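A quick note: this is a predicted structure, and the numbers were derived from the prediction, not measured.
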Amino acid sequence: MDSFEILVENCSPIINSIIQSLGIYKNKDEYFQIGLIALWEATEKYDSSKGGFTTFAYSIIRGRILNHLRKEHRYETCNPTYDPQVEEYYSQLSYLPEYLQEEIVWQYCYHLTENQKKWIKGGILERKGIKEIAVEHHVSVETVKSWRKLALANLRAVANMM
């Protein structure tokens, strides 16, 4: 067996504990792979005169995983999120004239808050991205995402009662 394979066997629990400590629950395999690449980098850069390998490898692996998390977060906040539920609903309405589309949408939105209605207007009727809606209303992207989440939950609840 190759020495790196033995190292991977010994360090896999470390990579898994880093993933767990950072609260990563999606794409665990992807983050594990990033950890393995970081482990390889650690073996290449390790200087035995500066301390133990495990501590060095831990910091390199954790740093690479955190960098990837930051990049993903930055990408998600800068790019509009595709929502298949909204697209499906919109495609069902697309054959109707525009004034009827709006009328049908607003019939289901009577119980929503004003902020949730802002997301409906921007996200569904005007087909704007989350970032555009956030800029328009001078709020954060996370705020608009919460409007969307609550609006969709309320609309699902109404649909289930019918």
To the closest 0.5 Å, what do you measure between [atom1] ([X]) and [atom2] ([Y])?
X: I24; Y: H68; atom1: CD1; atom2: NE2; answer: 8.5 Å
X: S140; Y: K145; atom1: OG; atom2: NZ; answer: 9.5 Å
X: S17; Y: Q20; atom1: OG; atom2: CD; answer: 7.5 Å
X: R62; Y: I14; atom1: CZ; atom2: CD1; answer: 13.5 Å
X: W147; Y: E142; atom1: CH2; atom2: CD; answer: 12.5 Å
X: K45; Y: I60; atom1: NZ; atom2: CD1; answer: 5.5 Å

Using the rule that Ile, Leu, Val, Met, Phe, Trp and Tyr join whenever any side-chain heavy atoms are under 4.5 Å apart, tell me whether [X] and [Y] fall into a single cluster.
X: W40; Y: L66; answer: yes
X: V141; Y: I133; answer: yes
X: L150; Y: I120; answer: no
X: Y31; Y: L22; answer: yes
X: V144; Y: V135; answer: no

What do you reckon, is CD of E126 surrounded by more than 12 foreign heavy atoms closer than 6.0 Å?
yes

Within 6.0 Å of NZ in K117, more than 12 heavy atoms from elsewhere
yes

Is the closest side-chain heavy-atom distance between [X] and [Y] below 4.5 Å?
X: W119; Y: L152; answer: yes
X: T43; Y: F53; answer: yes
X: Q116; Y: R148; answer: no

Closest heavy-atom pair, A57 versus A42, reported as atoms and distance to 0.1 Å, is CA-CB, 3.9 Å

R64 vs N67, side chain to side chain donor-acceptor pair (under 3.5 Å): CA-CA, chis, key distance, verdict
CA-CA 5 Å; R64 293 295 181 273; N67 283 342; over 6 Å; no

Does the side chain of S49 come under 3.5 Å of the side chain of D47 through a donor N or O and an acceptor N or O?
yes

Could you walk me through whether F32 and L36 pass the side-chain contact (heavy atoms from CB on, under 4.5 Å) check?
CA-CA 6 Å; F32 189 82; L36 289 177; 3.6 Å; yes

Does a side-chain N-to-carboxylate-O contact under 4.0 Å join E136 and K128?
yes

Hey, is the main chain of [Y] close enough, under 3.5 Å, to the side chain of [X] for a donor-acceptor pair?
X: T143; Y: V139; answer: no
X: E132; Y: G129; answer: yes
X: Y46; Y: E41; answer: no

The single option from I15, I65, I61, I19 that satisfies side chain to side chain contact (heavy atoms under 4.5 Å, CB included) with I34 is I65

